[in-house]
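Written below as C-alpha cells is the structure these notes are about.
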Amino acid sequence: MAINKKTREAVYRKYGGRCAYCGRAIAYKDMQVDHFRPLRVWDEVDGTADDISNLMPACRMCNHYKRANSLEVFRRYIADIPRKLRSDYIYKIGVAYGNVVENEKPIAFFFETQETKTASESAVMQPEDMAHYLMDFCHGHLAAGKGCPGCPFDKPTSDNGDGECRLYVPDDWDF
C-alpha cells in the first residue's frame with residue numbers, strides 16, 4: 001500500500017528528520033518509510049500495518065539492512081558486523097595499523113535513546129509544581145527562623161544585589 005504525503009510527512013517529523021535507527025539526519029526526499037513491525041507479520045485485511053505507530057523514518061542504508069526483519073533480528077545483524085569483518089584481510093591490516101578501531105557495544109537504536117530522553121525529560125518538574133515547591137521551601141526556611149542570609153526580605157537574594165529573589169519567588173507570595 002502506498003503511503004500518502006500527509007502520513008509520510010508525519011513519519012519524517014517523528015524523530016526530527018533523523019533515521020529512527022542510526023540517528024543520521026536524512027533529507028525528506030531521501031527518507032524511506034520502514035514498517036517497524038514487518039509487513040509479513042500483519043493480517044493484510046485489517047490495514048493496521050500502515051498505521052503511523054508502525055512506520056519509522058529510515059535512511060536507505062538502515063532500511064535495506066533491516067529488510068523485513070524484526071527489530072531484534074536487525075539488532076543482532078548490526079552487533080554481528082565486527083565478527084564478520086574480522087576475517088577480511090584489509091580489515092586486519094587496518095586494525096594492525098590503528099586505522100580501524102573496534103568498539104563493540106550493545107546496540108541501541110536512535111529512537112530508543114530518544115524515548116529514554118523523552119521519559120527522563122517528563123520527570124522534570126513543571127513550572128507550577130516548581131513554584132509550589134519553592135513556596136514550601138522558602139516558607140519552611142522562614143518558619144524555622146533560617147531565612148536566607150543577606151536577603152533584606154528574608155528571601156534568597158540575587159547575585160547583583162537588587163533585592164529580587166534569585167529563585168524568582170514573587171513578592172506577593174503569602175509566607
Side-chain angles (χ1 to χ4, degrees), residues 1-88 90-91 94-95 98-137 164-170 173:
M1 176 181 199
I3 309 283
N4 66 43
K5 185 176 180 177
K6 183 179 175 184
T7 301
R8 187 174 168 76
E9 288 171 348
V11 170
Y12 183 75
R13 288 191 304 269
K14 251 178 139 171
Y15 296 104
R18 296 187 170 277
C19 173
Y21 302 111
C22 69
R24 293 184 310 152
I26 45 178
Y28 176 79
K29 67 178 182 62
D30 296 328
M31 177 197 66
Q32 296 190 355
V33 177
D34 176 59
H35 288 86
F36 180 74
R37 187 170 169 216
L39 285 174
R40 62 182 163 77
V41 300
W42 290 92
D43 178 9
E44 291 295 323
V45 179
D46 65 13
T48 54
D50 288 332
D51 182 77
I52 188 78
S53 64
N54 190 49
L55 302 176
M56 298 293 245
C59 66
R60 176 183 289 281
M61 177 180 66
C62 288
N63 195 34
H64 283 237
Y65 204 67
K66 180 178 178 279
R67 297 185 303 259
N69 292 302
S70 71
L71 186 66
E72 291 313 311
V73 169
F74 182 40
R75 190 184 312 272
R76 280 196 313 268
Y77 283 177
I78 300 292
D80 205 30
I81 290 172
R83 183 191 61 77
K84 290 177 181 177
L85 289 173
R86 282 188 197 112
S87 63
D88 185 278
I90 294 172
Y91 180 83
V95 171
N99 288 343
V100 174
V101 179
E102 291 187 8
N103 185 22
E104 286 189 64
K105 60 183 180 176
I107 304 301
F109 295 110
F110 181 73
F111 77 90
E112 293 169 324
T113 65
Q114 295 305 294
E115 288 169 0
T116 301
K117 186 188 295 185
T118 301
S120 68
E121 286 171 356
S122 67
V124 173
M125 210 178 281
Q126 297 299 314
E128 188 174 312
D129 295 331
M130 179 60 87
H132 288 291
Y133 170 80
L134 290 174
M135 194 159 76
D136 291 343
F137 178 81
E164 293 294 318
C165 176
R166 76 170 176 257
L167 299 176
Y168 304 105
V169 175
W173 276 9

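It should be emphasised that the depicted structure is a prediction, and the values quoted were computed from it without experimental measurement.
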Within-4.5 Å side-chain heavy-atom neighbours: [X] and [Y]:
| X | Y | result |
| --- | --- | --- |
| Met56 | Val33 | no |
| Asn63 | Tyr21 | no |
| Phe111 | Phe36 | yes |
| Ile3 | Val11 | no |

Least distance between heavy atoms, Cys19 atom then Cys59 atom: SG-N, 3.4 Å

Asn54 to Arg37 - nearest heavy-atom pair and separation: OD1-N, 2.7 Å

Of all pairs that satisfy salt bridge (Lys or Arg N to Asp or Glu O under 4.0 Å), the ones with a partner from residues 11-34, not counting sequence neighbours: Asp34-Lys66

Report all side-chain donor-acceptor pairs from residues 72-80 shorter than 3.5 Å, counting only partners two or more places apart or in another chain.
{"unit_1": "Glu72", "atom_1": "OE1", "unit_2": "Arg75", "atom_2": "NE", "d": "3.0"}
{"unit_1": "Glu72", "atom_1": "OE2", "unit_2": "Arg75", "atom_2": "NE", "d": "3.3"}
{"unit_1": "Glu72", "atom_1": "OE2", "unit_2": "Arg75", "atom_2": "NH2", "d": "3.1"}
{"unit_1": "Arg75", "atom_1": "NH1", "unit_2": "Ile107", "atom_2": "O", "d": "2.5"}
{"unit_1": "Arg75", "atom_1": "NH1", "unit_2": "Glu112", "atom_2": "OE1", "d": "3.2"}
{"unit_1": "Arg75", "atom_1": "NH2", "unit_2": "Glu112", "atom_2": "OE2", "d": "2.6"}
{"unit_1": "Asp80", "atom_1": "OD1", "unit_2": "Arg83", "atom_2": "NE", "d": "2.8"}
{"unit_1": "Asp80", "atom_1": "OD2", "unit_2": "Arg83", "atom_2": "NH2", "d": "2.8"}

Spacing of CG belonging to Leu85 relative to CG belonging to Asp88, to within rounding of 0.5 Å: 7.0 Å

Reported NZ-to-OH distance for the pair Lys5 and Tyr28, which is rounded to 0.5 angstrom: 6.0 Å

Tell me, please, which residues at least two apart from [X] pass side chain to side chain donor-acceptor pair (under 3.5 Å).
| X | result |
| --- | --- |
| Ser70 | none |
| Glu9 | none |
| Glu104 | Arg86 |

Heavy-atom donor-acceptor pair, Tyr15 side chain to Ala58 backbone, under 3.5 Å: no

Any residue meeting side-chain contact (heavy atoms from CB on, under 4.5 Å) with Lys105, in chain and number order, not counting sequence neighbours: Asn103

side-chain contact (heavy atoms from CB on, under 4.5 Å) partners for Val100, two or more places apart: Tyr91, Val95

